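The structure appears below as structure tokens.
Heavy-atom basis, side chains included; hydrogens, waters and symmetry copies ignored. Heads up: numbering here begins at 1 and tracks the sequence. Since we're looking at a predicted model, the values are computed, not measured.
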Amino acid sequence: MLILKNFLISRSVIYPMTVSKFHQISLEGRRGVLIDLDDTLYAYDPAHEQALRRVHSDCLSEIPFADFSTLYRAARNRVMQELSPQGVCRSRLLAFLHVFEDLGAPYAYVRAHDADEIYWNTFIEAMCCSPSARSFLDRCVEAQVPVCVVSDMTTHIQIRKLEKLGVAGQIAHLVTSESVGVEKPDPRMFLEGMRKLAMSEPRDVIMIGDSRTKDIEGAERLGIAAYLISLAES
């Protein structure tokens, strides 16, 4: 047994790890919902691919896309390793800065800023909310069950995403790794979501997300019922 901020957690509590569909998730007896954003409310990869290709064509078309993609991935990994678990470890701006500096580009910081703007403007424009996720959020509104997004990312980008998806009006609160200073599965992320929902008992909320380790196992360690979602299987 483990006591964490007045929560008594049994390590023997195990919830099914099967993939759920949004329409299968019951709100009966629940007073709040914690939910992930990326790859849970929308599909991340198509938007990312489109955004990265736009940065390549606008900023670094002189090198093959495959080479640019490799440089970018290495830069992202470097930023993650150096700055994790702070929210800024997700910064695309810092990743692009490493790319331009590694290439010896003049005024690398200016070009990185331009690339970051292009990336996020393209990414957010390409996003589409999952119909099943939207229907679930509608059910939450109808049942008067408030929803808090719990996400590993910088706050202002996640706000832009929620607004573009057209669900900001259905999301009562937002918790990001930038605001908490740690990333999921750290319990502080889920506890902050519960605090914002004014919930004190893990049994009153559920967690929904696409990552077994970050979303599901992280929530279950606190005794929160968790549901694994895969948009690819929906």
Side-chain angles (χ1 to χ4, degrees), residues 35-129 149-168 171 173-186 188-189 192-193 209-211 213-215:
I35 193 167
D36 178 49
L37 174 51
D38 302 302
D39 264 340
T40 298
L41 298 184
Y42 77 99
Y44 173 89
D45 284 344
H48 167 69
E49 179 74 11
Q50 186 170 330
L52 200 61
R53 287 188 176 278
R54 179 62 182 272
V55 171
H56 172 254
S57 65
D58 286 11
C59 303
L60 277 171
S61 60
E62 63 271 21
I63 66 174
F65 176 75
D67 293 345
F68 167 68
S69 182
T70 299
L71 287 171
Y72 171 79
R73 185 67 261 170
R76 280 293 315 279
N77 290 340
R78 178 178 169 186
V79 172
M80 288 286 292
Q81 292 169 1
E82 291 176 347
L83 300 177
S84 182
Q86 304 171 68
V88 72
C89 74
R90 301 279 170 175
S91 171
R92 281 20 174 209
L93 172 59
L94 296 181
F96 288 129
L97 179 58
H98 283 314
V99 169
F100 285 110
E101 287 180 341
D102 290 345
L103 290 172
Y107 304 105
Y109 67 95
V110 175
R111 297 185 67 178
H113 181 266
D114 291 343
D116 185 65
E117 290 288 308
I118 292 168
Y119 178 90
W120 284 119
N121 287 341
T122 305
F123 186 107
I124 289 170
E125 182 60 31
M127 293 170 59
C128 293
C129 186
V149 164
V150 180
S151 177
D152 290 341
M153 189 57 193
T154 51
T155 305
H156 74 288
I157 291 297
Q158 299 308 70
I159 292 172
R160 288 182 64 187
K161 289 177 183 177
L162 292 173
E163 290 177 339
K164 172 56 170 63
L165 293 174
V167 299
I171 305 296
H173 303 285
L174 170 64
V175 171
T176 67
S177 54
E178 179 183 39
S179 64
V180 180
V182 294
E183 292 198 330
K184 296 176 292 184
D186 191 295
R188 286 171 286 183
M189 290 288 287
E192 179 63 9
D210 70 294
S211 172
T213 55
K214 284 179 168 285
D215 299 316

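Residues Ser84 and Cys89 come closest through the heavy atom pair N-CB, 3.6 Å. Across all their heavy atoms, Glu183 and Pro85 have their closest contact at CG-O, 3.4 Å. Here the shortest heavy-atom pairing between Ala105 and Arg111 reads CB-NH1, 3.6 Å.
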Per-pair distances, 0.1 Å, donor-acceptor, side chain in residues 117-129, under 3.5 Å, sequence neighbours excluded:
residue : atom : partner : partner atom : Å
Tyr119  : OH   : His48   : ND1          : 2.7
Trp120  : NE1  : Asp116  : OD1          : 3.4
Asn121  : OD1  : Arg160  : NH2          : 2.8
Asn121  : ND2  : Glu117  : O            : 3.1
Thr122  : OG1  : Ile118  : O            : 2.8

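Atom CD1 of residue Ile157 and atom CZ of residue Arg90 lie 13.5 Å apart, to the nearest 0.5 angstrom. Note that the NE2 atom of His98 and the CZ atom of Arg76 stand 11.5 Å from one another [nearest 0.5 Å]. Here CG of Leu83 is found 10.0 Å from CZ of Arg78. Values are rounded to the nearest 0.5 Å. Atoms OG1 and CE, on Thr176 and Met189 in that order, are 6.5 Å from each other to the nearest 0.5 Å. Going from atom CD1 of Ile171 over to atom CG of Leu165 covers 9.5 Å, rounded to the nearest 0.5 Å. The distance from atom CG of Asp114 to atom CG of Leu93, rounded to the nearest 0.5 Å, is 10.0 Å.
The closest side-chain donor-acceptor pair between Ser179 and Thr155, if any, does not fall under 3.5 angstrom. For the residue pair Ser151/Gln158, the side-chain donor-acceptor check at 3.5 Å is satisfied.
By the 6.0 Å contact criterion, OH on Tyr109 is open, its count of non-hydrogen atoms from other residues, nucleotides or ligands being 12 or less.
With Arg53 as the fixed residue, the side-chain hydrogen bond (donor to acceptor under 3.5 Å, both in side chains) test singles out one of His56, Gln50, Glu49: Glu49. Each of Asp36, Asp38, Asp39 was scored for a salt bridge (Lys or Arg N to Asp or Glu O under 4.0 Å) with Lys161, with one residue passing: Asp38. Just one residue in the list Val150, Asp215, Leu41 forms a side chain to side chain contact (heavy atoms under 4.5 Å, CB included) with Ile35, and that residue is Leu41.
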Stepwise side chain to side chain contact (heavy atoms under 4.5 Å, CB included) test for Leu71 and Ile63: CA-CA 11 Å; Leu71 287 171; Ile63 66 174; 4.2 Å; yes

Intermediate values then yes/no, side chain to side chain contact (heavy atoms under 4.5 Å, CB included), Ser177 and Lys184: CA-CA 8 Å; Ser177 54; Lys184 296 176 292 184; over 6 Å; no

Residues Val99, Leu60; criterion side chain to side chain contact (heavy atoms under 4.5 Å, CB included); working and verdict: CA-CA 10 Å; Val99 169; Leu60 277 171; 4.0 Å; yes

Residue pair Leu37, Met153: steps toward the side chain to side chain contact (heavy atoms under 4.5 Å, CB included) verdict: CA-CA 10 Å; Leu37 174 51; Met153 189 57 193; over 6 Å; no

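Contact of the Leu52 side chain with the Ser69 side chain is registered, since non-hydrogen atoms from C-beta on lie closer than 4.5 Å. Counting only heavy atoms from C-beta outward, the side chains of Val180 and Asp186 never approach each other to under 4.5 Å. Between Cys59 and Phe68 there is no side-chain heavy-atom pair separated by less than 4.5 Å.
Taking the six-membered ring for Trp and the full ring otherwise, the centers of Tyr72 and Phe96 sit less than 6.0 Å from each other.
Taking a cutoff of 4.0 Å between a charged side-chain nitrogen and a carboxylate oxygen, Glu192 and Arg188 do not qualify as a salt bridge.
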